[in-house]
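Lettering follows sequence order; numbering is per chain, from 1.
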There are 2 protein chains.
Amino acid sequence: MAKTDVLTLAILGILQDQPLHGYQIRKLLGAELGPFRALSYGSLYPCLRRMVDTGLIETAGEEPGAATPASSRRARIAYSLTEAGRTRLTEELASAGASSWDDDTFDVRFALFAHTDSATRLRILEGRRSRLSERLEEVSEGLKRMHERHDAYTAELQRHGLERVEREVEWLDQLIENERSAPGGDNPGPASAGH
Amino acid sequence: MAKTDVLTLAILGILQDQPLHGYQIRKLLGAELGPFRALSYGSLYPCLRRMVDTGLIETAGEEPGAATPASSRRARIAYSLTEAGRTRLTEELASAGASSWDDDTFDVRFALFAHTDSATRLRILEGRRSRLSERLEEVSEGLKRMHERHDAYTAELQRHGLERVEREVEWLDQLIENERSAPGGDNPGPASAGH
DNA sequence: CATTAGTTGTATCGCTCCGATACATCGAGA
DNA sequence: TCTCGATGTATCGGAGCGATACAACTAATG
């Protein structure tokens with residue numbers, strides 16, 4: 001099975017509901033994933049081309065001299081999933097590969113949870129959790145050793161990073177608990193975890 | 001004034017105390033900035049070469065056939081700041097350019113706070129804070145609009161992202177407050193902000 | 001004593017990504 | 001009308017990353 005990078009996966013995901021233009025893809029993806037992880041045209045268009053080349057998506061360009069005779073409409077290219085693309089997405093959604101809990105992949109996988117079955121959701125959440133646990137230990141140990149080599153600001157940076165990871169683990173615990181108690185539920189959990 | 005990218009700044013910072021090998025730079029930088037922001041050799045060595053070319057650092061290679069005659073010691077290259085490099089670092093530390101509060105730059109700038117004067121520290125912290133405030137508003141508004149287009153998981157992702165930013169703002173507020181009350185202090189603040 | 005495994009160490013290749021930029025059309029409001 | 005902002009496609013140069021190769025020192029394990 002050919003491997004699918006994050007961007008490709010995200011595009012497959014957003015195209016499954018409706019065909020979109022490049023511009024719309026960028027905008028929608030930006031809205032879904034937040035202002036973090038901006039997606040630039042410099043990566044979007046090459047990726048779209050790659051996907052067309054490998055047959056995952058196809059273009060449905062609006063031909064210039066069509067309905068209205070005199071209007072030379074601007075080139076607008078709508079991308080839609082091919083059968084192969086839909087298959088690939090399904091495969092990818094069902095298989096929670098180890099990379100699913102990587103920092104940059106997890107967000108996209110999570111955004112696609114509505115299209116993922118409960119067992120896979122759970123596996124991904126737990127994988128991510130254990131990944132963060134490792135990091136937690138790693139950082140705390142580094143922090144302990146840091147007391148020897150002074151510099152309060154560097155230590156504070158580590159401390160804050162540690163806290164951030166701890167928060168994310170708590171968040172995951174909430175989600176996991178809810179997933180276990182309501183495997184079929186559409187809702188990710190109690191409306192608010194903290195605050 | 002030539003612009004200095006993040007990686008260059010980080011290397012300047014870590015070399016100011018003692019000369020180091022490429023390997024040690026990577027390791028130390030990794031320890032200071034945490035397991036996030038890994039630094040790969042694929043970017044480190046090219047950057048070191050760039051810095052040598054522009055005269056910011058210089059190499060002090062240990063010559064092979066030196067002290068012990070028969071031992072052909074392995075090539076080990078120690079990098080140290082030149083006068084130009086030290087000047088550049090000082091300039092950069094004094095001027096809190098607008099890019100100082102970018103996501104990927106702020107960490108490095110913060111790690112160098114021990115070598116930064118209080119006024120600049122404050123300006124950077126406040127710049128970062130206002131940057132995050134903008135983002136806060138941006139995300140909250142996106143979240144409000146998100147209720148119209150269902151998908152609980154996508155919304156939850158945004159909600160969690162929002163919370164993370166809120167946390168960071170609180171953290172910054174702590175640091176700013178402390179910086180104001182003790183401008184000369186070595187300590188970033190009360191040992192623990194939350195928990 | 002020999003083999004193995006892990007750490008220190010330098011370096012490159014291919015690919016992807018990003019920021020900036022260019023160009024063009026359309027709708028709304030000054 | 002004229003301008004501004006949104007929509008839309010596209011590329012270029014540079015920088016980053018992951019993987020990988022090579023090499024020597026060092027500790028433990030058999």
Side-chain angles (χ1 to χ4, degrees), chain A residues 2-11 19-31 33 35-54 57 59-65 68 70-79 98-99 102-105 108, chain B residues 2-11 19-31 33 35-54 57 59-65 68 70-79 98-99 102-105 108:
Chain A
K3 65 174 176 180
T4 312
D5 61 302
V6 212
L7 186 45
T8 300
L9 178 60
I11 295 177
L20 290 171
H21 296 170
Y23 188 81
Q24 296 171 315
I25 292 177
R26 180 176 131 99
K27 220 176 154 225
L28 265 182
L29 233 44
L33 300 177
F36 354 82
R37 308 241 165 277
L39 169 61
S40 74
Y41 292 122
S43 35
L44 175 60
Y45 282 107
C47 182
L48 285 173
R49 201 201 321 283
R50 272 190 318 265
M51 292 173 73
V52 170
D53 288 347
T54 54
I57 58 177
T59 63
E62 291 161 28
E63 50 272 42
T68 34
S71 84
S72 65
R73 297 271 294 140
R74 150 162 98 270
R76 309 167 85 244
I77 303 163
Y79 296 90
S99 65
D102 284 357
D103 284 333
D104 47 348
T105 310
V108 174
Chain B
K3 65 174 177 180
T4 312
D5 61 300
V6 212
L7 185 46
T8 299
L9 178 60
I11 294 177
L20 291 171
H21 296 169
Y23 188 82
Q24 295 171 316
I25 293 177
R26 180 177 131 100
K27 221 174 155 229
L28 265 182
L29 234 44
L33 299 178
F36 353 83
R37 308 241 164 278
L39 169 61
S40 74
Y41 292 122
S43 36
L44 175 61
Y45 282 107
C47 182
L48 284 174
R49 199 200 323 283
R50 276 193 312 268
M51 291 174 74
V52 170
D53 288 346
T54 54
I57 58 178
T59 63
E62 292 160 29
E63 48 271 43
T68 35
S71 84
S72 65
R73 297 271 296 136
R74 147 160 101 271
R76 308 167 87 241
I77 303 161
Y79 297 90
S99 64
D102 284 357
D103 284 333
D104 46 349
T105 310
V108 174

J.: For B:Tyr79 and B:Lys27, find the nucleotide of DNA chain C closest to each by heavy atoms; which residue's nucleotide sits nearer the 5' end?
T.: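 Its nearest nucleotide lies further toward 5', so the answer is B:Lys27.
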
J.: Measuring to OP1 and OP2 of C:dA11, would you say a side-chain N or O of B:Tyr45 lies under 4.0 angstrom away?
T.: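 No, because none of the side-chain N or O atoms of B:Tyr45 sits under 4.0 Å from OP1 or OP2 of C:dA11.
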
J.: What's touching nucleotides 18-22 of chain C from the protein side, N or O pairs under 3.5 Å?
T.:
| unit_1 | atom_1 | unit_2 | atom_2 | d |
| --- | --- | --- | --- | --- |
| C:dC18 | OP1 | A:Ala38 | O | 3.4 |
| C:dC18 | OP2 | A:Ser43 | OG | 2.4 |
| C:dC18 | N4 | A:Gly42 | O | 3.4 |

J.: Send over the distance from A:Ile25 CD1 to D:dA10 C1', rounded to a whole Å.
T.: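 To the nearest whole Å, that distance equals 14 Å.
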
J.: Rounded to whole angstrom units, what separation is found between the NE2 atom of B:His21 and the P atom of C:dA11?
T.: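 Taking NE2 of B:His21 and P of C:dA11, I get 11 Å after rounding.
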
J.: Test side-chain contact (heavy atoms from CB on, under 4.5 Å) on A:Val108 and A:Leu7 and set out the steps.
T.: CA-CA 9 Å; A:Val108 174; A:Leu7 186 45; over 6 Å; no

J.: Grab the CD1-P distance between A:Ile77 and D:dT9 for me, whole Å please.
T.: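 Rounded to the whole Å, the gap is 6 Å.
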
J.: Is the phosphate of D:dG8, meaning OP1 or OP2, less than 4.0 Å from a side-chain N or O of A:Gln24?
T.: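 Indeed, a polar side-chain atom of A:Gln24 lies that close.
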
J.: Starting at CZ of B:Arg26 and ending at C1' of C:dA11, how long is that distance when rounded to a whole Å?
T.: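 About 13 Å, once rounded to whole Å.
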
J.: What is the separation between atom CG on A:Leu28 and atom P on D:dG8, rounded to the nearest whole Å?
T.: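 The answer, rounded to whole Å, is 11 Å.
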
J.: Supply the atom-to-atom distance A:Ile77 CD1 to A:Leu20 CG, rounded to the nearest 0.5 angstrom.
T.: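 Rounded to the nearest 0.5 Å, the CD1-CG separation comes out at 13.5 Å.
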
J.: Just so I know, are the side chains of A:Leu44 and A:Ile11 near enough to count as touching, which here means a heavy-atom distance under 4.5 Å?
T.: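 Of all side-chain heavy-atom pairs linking A:Ile11 with A:Leu44, at least one is under 4.5 Å.
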
J.: Give the minimum heavy-atom separation between A:His21 and A:Gln24, together with the two atoms involved.
T.: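 Reported closest heavy-atom pair: N-OE1, 2.8 Å.
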
J.: Measure CZ/B:Arg76 against P/C:dT7 and give the value in whole Å, please.
T.: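 So the two atoms are 17 Å apart, to the nearest Å.
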
J.: Closest heavy-atom contact between A:Tyr41 and A:Pro46?
T.: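 The pair with the smallest heavy-atom distance is O-CD, 3.6 Å.
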
J.: Does the side chain of B:Asp5 pick up a donor-acceptor pair with the side chain of B:Thr8 at under 3.5 Å?
T.: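 There is such a pair (donor and acceptor under 3.5 Å, judged by atom type) between the side chains of B:Asp5 and B:Thr8.
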
J.: Five pairs per end, C1' atoms only: what is the angle between the end axes of the helix from C:dC1-D:dG30 to C:dA30-D:dT1, to 10 degrees?
T.: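 The helix from C:dC1-D:dG30 to C:dA30-D:dT1 shows an end-to-end axis angle of 30°.
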
J.: Quick check: on DNA chain C, is the nucleotide nearest B:Gly22 upstream (toward 5') of the one nearest A:Cys47, or the reverse? Name the residue that is more 5'.
T.: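 Closer to the 5' end of DNA chain C: B:Gly22.
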
J.: Contact between A:Leu48 and A:Thr59 at the side-chain level, heavy atoms closer than 4.5 Å - yes or no?
T.: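 In short, these two side chains do not touch, never coming nearer than 4.5 Å.
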
J.: Using side chain to side chain donor-acceptor pair (under 3.5 Å) as the criterion, list what pairs up with B:Ser43, not counting sequence neighbours.
T.: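 So B:Ser43 forms a side chain to side chain donor-acceptor pair (under 3.5 Å) with B:Ser40.
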
J.: For the pair made of CG in A:Asp53 and P in C:dC15, what is the distance, rounded to whole Å?
T.: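 Distance check: A:Asp53 CG to C:dC15 P gives 14 Å.
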
J.: Which distance, rounded to the nearest 0.5 Å, do you find between the CZ of A:Arg26 and the OH of A:Tyr45?
T.: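 Result: 9.5 Å between the selected atoms.
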
J.: Considering every strand and a 4.0 Å limit on heavy-atom distances, what is the contact class for B:Arg49: base, sugar-phosphate, or nothing?
T.: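 The residue B:Arg49 makes sugar-phosphate contact but no base contact.
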
J.: Under 4.0 angstrom, heavy atoms only, what part of the nucleic acid is B:Arg50 near: base, sugar-phosphate, or nothing?
T.: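 Sugar-phosphate contact only - B:Arg50 comes under 4.0 Å of backbone atoms but never of a base.
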
J.: Send over the distance from A:Tyr23 OH to C:dT25 P, rounded to a whole Å.
T.: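 Rounded to whole Å, this separation is 17 Å.
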
